[in-house]
There are 2 protein chains.
Amino acid sequence: MTGETGRQGRVTIKAVAKEAGVSVAAVSKVLRNAYGVSPAMRTRVQAAIDDLGYRPNLAARGMRGQSFTIGILLYGLDNPFIADVVDGIHEVTIPAGYKSLLGVGRAKVPIETNLIDTMIDYRMDGLVLIGPRLSPETLALYAPQIPLVCIGHHEPQAVGFDTVNSNDFAGAGLVVKAMIARGHRDIGMISLELGVDHKTNVSDIREAGYLAAMAEAGLAHKARIARVRSVDPAPDDPELRAWLQSPDRPRAVFCWSDIHAMLLVNIAAEMGIAIPDELAVAGYDNSRPAAYSLIGLASVDQDAARIGVETASLLMSRIGGRSDAVHALVTPTLVLRRSI
Amino acid sequence: MTGETGRQGRVTIKAVAKEAGVSVAAVSKVLRNAYGVSPAMRTRVQAAIDDLGYRPNLAARGMRGQSFTIGILLYGLDNPFIADVVDGIHEVTIPAGYKSLLGVGRAKVPIETNLIDTMIDYRMDGLVLIGPRLSPETLALYAPQIPLVCIGHHEPQAVGFDTVNSNDFAGAGLVVKAMIARGHRDIGMISLELGVDHKTNVSDIREAGYLAAMAEAGLAHKARIARVRSVDPAPDDPELRAWLQSPDRPRAVFCWSDIHAMLLVNIAAEMGIAIPDELAVAGYDNSRPAAYSLIGLASVDQDAARIGVETASLLMSRIGGRSDAVHALVTPTLVLRRSI
DNA sequence: AGCGTCGTGTGTAACGTTACATGTATAACC
DNA sequence: GGTTATACATGTAACGTTACACACGACGCT
């Protein structure tokens with residue numbers, strides 16, 4: 001022991017109390033903006049906090065009360081959509097005094113559950129899950145343990161947690177209508193292979209929106225969905241190449257994601273297929289390379305920042321005690337570019 | 001109180017001890033693989049842990065001992081380099097029983113310091129900083145508080161922490177040599193505006209490597225560096241456009257980053273400048289869109305995964321008690337593509 | 001037999017914070 | 001003037017874990 005301040009020179013609530021000449025309980029109240037503290041006391045304690053450079057120990061905090069930290073679970077880092085969502089979340093949480101820590105789930109169930117467990121074990125105040133691979137049953141298991149809001153998980157009947165999504169149904173409709181306006185009638189779709197919980201995936205909702213828009217335009221008989229296996233295909237993906245070579249390839253195609261749409265545009269260029277004259281393409285996400293003039297990919301913009309803001313607001317109110325479930329939809333827009 | 005198990009039904013070390021018929025101290029020892037526990041006791045406790053589905057409370061753990069968690073500070077999420085680095089880190093840390101949580105610093109000093117504080121306050125066992133904007137002085141202040149390894153921060157004389165970097169000096173040399181092999185002599189560079197701590201930035205080391213390689217080839221008089229202001233330029237960045245229009249534009253250009261190189265390739269295409277016949281371009285990072293056939297950008301590959309592995313190994317040994325500083329360099333390779 | 005040593009196991013005081021139950025003044029009412 | 005609110009401040013028991021000091025029996029050595 002080196003004396004008064006403890007071995008690491010770390011400033012604790014005790015030191016602040018001593019410096020300000022008040023009790024630790026009083027300091028704690030000031031820190032939490034709790035009821036029953038006079039303005040005089042508040043300023044005195046605040047001065048001591050500033051003088052000593054005190055920072056609360058989050059681990060200790062988490063043992064008794066709130067930690068003022070939220071956890072965000074992502075499926076990956078290489079996605080501009082996620083970057084914007086996170087920015088949107090911070091726009092709300094940082095002014096509210098919350099910090100956030102992220103975990104990368106790599107779209108694998110064991111990693112995701114492990115990370116969620118970690119976040120719960122750290123006594124975080126709430127969790128945002130972006131595109132979780134977890135089943136509704138698993139989520140229902142976690143929901144009672146911690147305030148939860150999911151993005152990119154369509155489950156409007158869920159009761160224990162909130163969801164925020166782009167209106168994927170409407171977004172697909174925007175694309176189909178724009179293509180019809182361009183004179184196309186033979187419009188196909190490229191989607192993901194069906195998963196086990198496929199009713200909750202964004203790609204499935206986009207499929208439904210596509211089919212509905214086609215039907216509404218009297219083109220139900222033309223509608224067809226090709227499914228690719230890989231979420232993250234290589235630049236020379238054989239599935240996409242095969243699709244482009246197939247004899248009954250449609251005249252226009254709506255891709256569930258920019259990743260596939262951009263690859264399609266590139267492989268088509270290699271194969272000498274003219275875009276959009278021989279094949280019109282539209283994607284989803286309006287990611288940065290879609291705007292490159294060499295790519296020029298029309299794409300649906302989800303308004304990721306707004307999704308983030310909406311999500312964070314819901315999480316804040318849920319941490320505040322709300323228990324009824326809210327399921328919000330954010331309206332997307334279509335960014336027209338050369339490829340359509 | 002609802003009775004035996006506590007209000008939230010959460011399983012504590014106490015419950016495990018009771019179930020196994022031993023003391024809490026014994027359970028704690030088993031959890032930490034500490035000395036002084038018989039095989040019989042170990043199996044008995046482990047069985048109880050599995051039966052009850054016990055998970056240690058990290059907040060409580062962090063108050064006394066290790067939390068088995070490391071923090072990773074990133075500057076942003078929209079970068080494939082970072083994604084690969086993080087994967088490399090996990091390759092080492094996960095088998096070692098460590099979890100990791102990320103923070104996004106947005107390349108802003110106050111956010112970065114805030115996040116590092118948070119991670120320290122959570123009693124994490126170690127920190128990885130990827131491309132921190134912090135000054136050597138600030139880092140020296142943090143280093144005594146927590147094991148630290150930096151990526152993308154060149155400070156080979158630092159004593160309190162380790163660094164792992166791509167050999168940016170050599171990477172720049174690879175590009176210059178490849179361009180000379182293609183017959184170019186008029187080779188320029190596009191770099192970042194100088195920051196205050198510019199001796200530690202990767203862009204500055206790449207500049208030095210570029211200048212050295214030019215000098216070595218007897219082209220020192222041809223060498224010139226243009227500096228752009230924005231780290232994250234818009235698709236129609238006026239600075240890059242102006243550079244392309246300038247009368248003394250070089251015949252070939254090495255860009256410090258793919259972000260700028262790809263934009264350059266696109267704006268050049270808009271302006272009718274033929275790549276590589278009128279202008280050869282090479283970037284740094286070998287990011288995914290660089291491989292798109294429509295872009296075809298030659299780029300230096302940093303071997304991000306290896307950097308991650310190296311970093312994690314250093315952090316583990318530093319957590320284990322090592323205190324001398326290691327400064328590792330990873331050898332990059334150049335991926336040749338059409339643009340050069 | 002007596003004395004250290006070793007291998008195992010237990011009891012319990014921290015760790016830094018919050019929540020709750022108690023004070024203790026001062027003001028407000030009959 | 002005595003009771004009752006009201007507002008503020010304090011003392012202290014948790015929270016779940018680890019680290020430390022210690023107890024206990026068995027063993028090997030003089």
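Labels below follow one simple rule: chain letters A, B, ... track the order of the sequence lines, proteins then strands, and each chain is numbered from 1. What you see is a predicted model, and the numbers here were worked out from it, not measured in a lab.
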Testing the 3.5 Å rule here: is there a donor-acceptor pair between the side chains of [X] and [Y]?
| X | Y | value |
| --- | --- | --- |
| A:Tyr122 | A:Asp117 | no |
| B:Ser317 | B:Arg322 | yes |
| A:His153 | A:Thr163 | no |
| A:His154 | A:Thr200 | no |
| B:Arg42 | B:Ser38 | no |

Within this structure, what is the [atom1]-to-[atom2] distance between [X] and [N], rounded to whole angstrom?
| X | N | atom1 | atom2 | answer |
| --- | --- | --- | --- | --- |
| A:Lys18 | D:dT10 | NZ | C1' | 18 Å |
| A:Phe68 | C:dT17 | CZ | P | 13 Å |
| A:Met63 | D:dT17 | CE | P | 8 Å |
| B:Lys14 | D:dT18 | NZ | P | 14 Å |
| B:Tyr122 | C:dT17 | OH | C1' | 13 Å |
| B:Asn57 | C:dT17 | CG | C1' | 13 Å |
| A:Arg44 | D:dC8 | CZ | C1' | 13 Å |
| B:Asp121 | C:dC15 | CG | C1' | 15 Å |

Is the phosphate of [N] approached by [X] (side-chain N or O, under 4.0 Å from OP1 or OP2)?
| X | N | answer |
| --- | --- | --- |
| B:Tyr54 | D:dT17 | yes |
| B:Arg61 | D:dT18 | yes |
| B:Arg32 | D:dA19 | yes |

Atom pairs under 3.5 Å, N or O on each side, protein against nucleotides 4-6 of chain D: can you list them with distances?
none

- Message: So A:Thr113 and A:Tyr142, do their side chains get closer than 4.5 Å, heavy atoms only?
- Response: yes
- Item | Among C:dT18, C:dC15, D:dT17, the nucleotide that comes nearest once only the side chain of A:Ile13 is considered | C:dT18
- With sequence neighbours excluded, tell me which residues meet ring pair (Phe, Tyr, Trp, His ring centres under 6.0 Å) with B:Phe81. none
- Counterpart residues, ring pair (Phe, Tyr, Trp, His ring centres under 6.0 Å), relative to B:Tyr98 (two or more places apart): B:Phe68
- Query: In terms of the nearest nucleotide of DNA chain C, which residue is placed more toward the 5' end: B:Arg123 or A:Gln66?
  - Reply: B:Arg123
- Message: For a side chain to side chain contact (heavy atoms under 4.5 Å, CB included) check, start with the C-alpha distance between A:Leu31 and A:Ile13, then their side-chain angles and the critical distance, and finish with the verdict.
- Response: CA-CA 10 Å; A:Leu31 288 169; A:Ile13 203 174; 3.9 Å; yes
- Start with the C-alpha distance between B:Glu310 and B:Arg306, add both sets of side-chain angles, then the distance that settles salt bridge (Lys or Arg N to Asp or Glu O under 4.0 Å), and finish with yes or no. CA-CA 6 Å; B:Glu310 201 79 39; B:Arg306 190 163 160 61; 3.3 Å; yes
Contacts under 3.5 Å, N or O only, protein and nucleotides 9-14 of chain C:
unit_1: C:dG9; atom_1: OP1; unit_2: B:Ser38; atom_2: OG; d: 3.0
unit_1: C:dG9; atom_1: OP2; unit_2: B:Ser38; atom_2: N; d: 2.9
unit_1: C:dG9; atom_1: OP2; unit_2: B:Ser38; atom_2: OG; d: 2.9
unit_1: C:dG9; atom_1: N7; unit_2: B:Lys29; atom_2: NZ; d: 3.3
unit_1: C:dT10; atom_1: OP2; unit_2: B:Ser23; atom_2: N; d: 3.2
unit_1: C:dT10; atom_1: OP2; unit_2: B:Ser23; atom_2: OG; d: 3.0
unit_1: C:dA14; atom_1: N3; unit_2: B:Arg64; atom_2: NE; d: 3.4

- Query: Stepwise, does the side chain to side chain contact (heavy atoms under 4.5 Å, CB included) test hold for A:Arg318 with A:Asp125?
  - Reply: CA-CA 10 Å; A:Arg318 188 166 273 277; A:Asp125 293 340; over 6 Å; no
- Item | Between the first and last five pairs of the helix from C:dA1-D:dT30 to C:dC29-D:dG2, the angle of the axes, rounded to 10 degrees | 50°
- Message: Quick test of your reading: applying side-chain hydrogen bond (donor to acceptor under 3.5 Å, both in side chains), list the pairs with at least one residue in residues 82-95 of chain A, sequence neighbours left out, ordered by first then second residue.
- Response: A:Asp87-B:Arg106, A:His90-A:Ser100
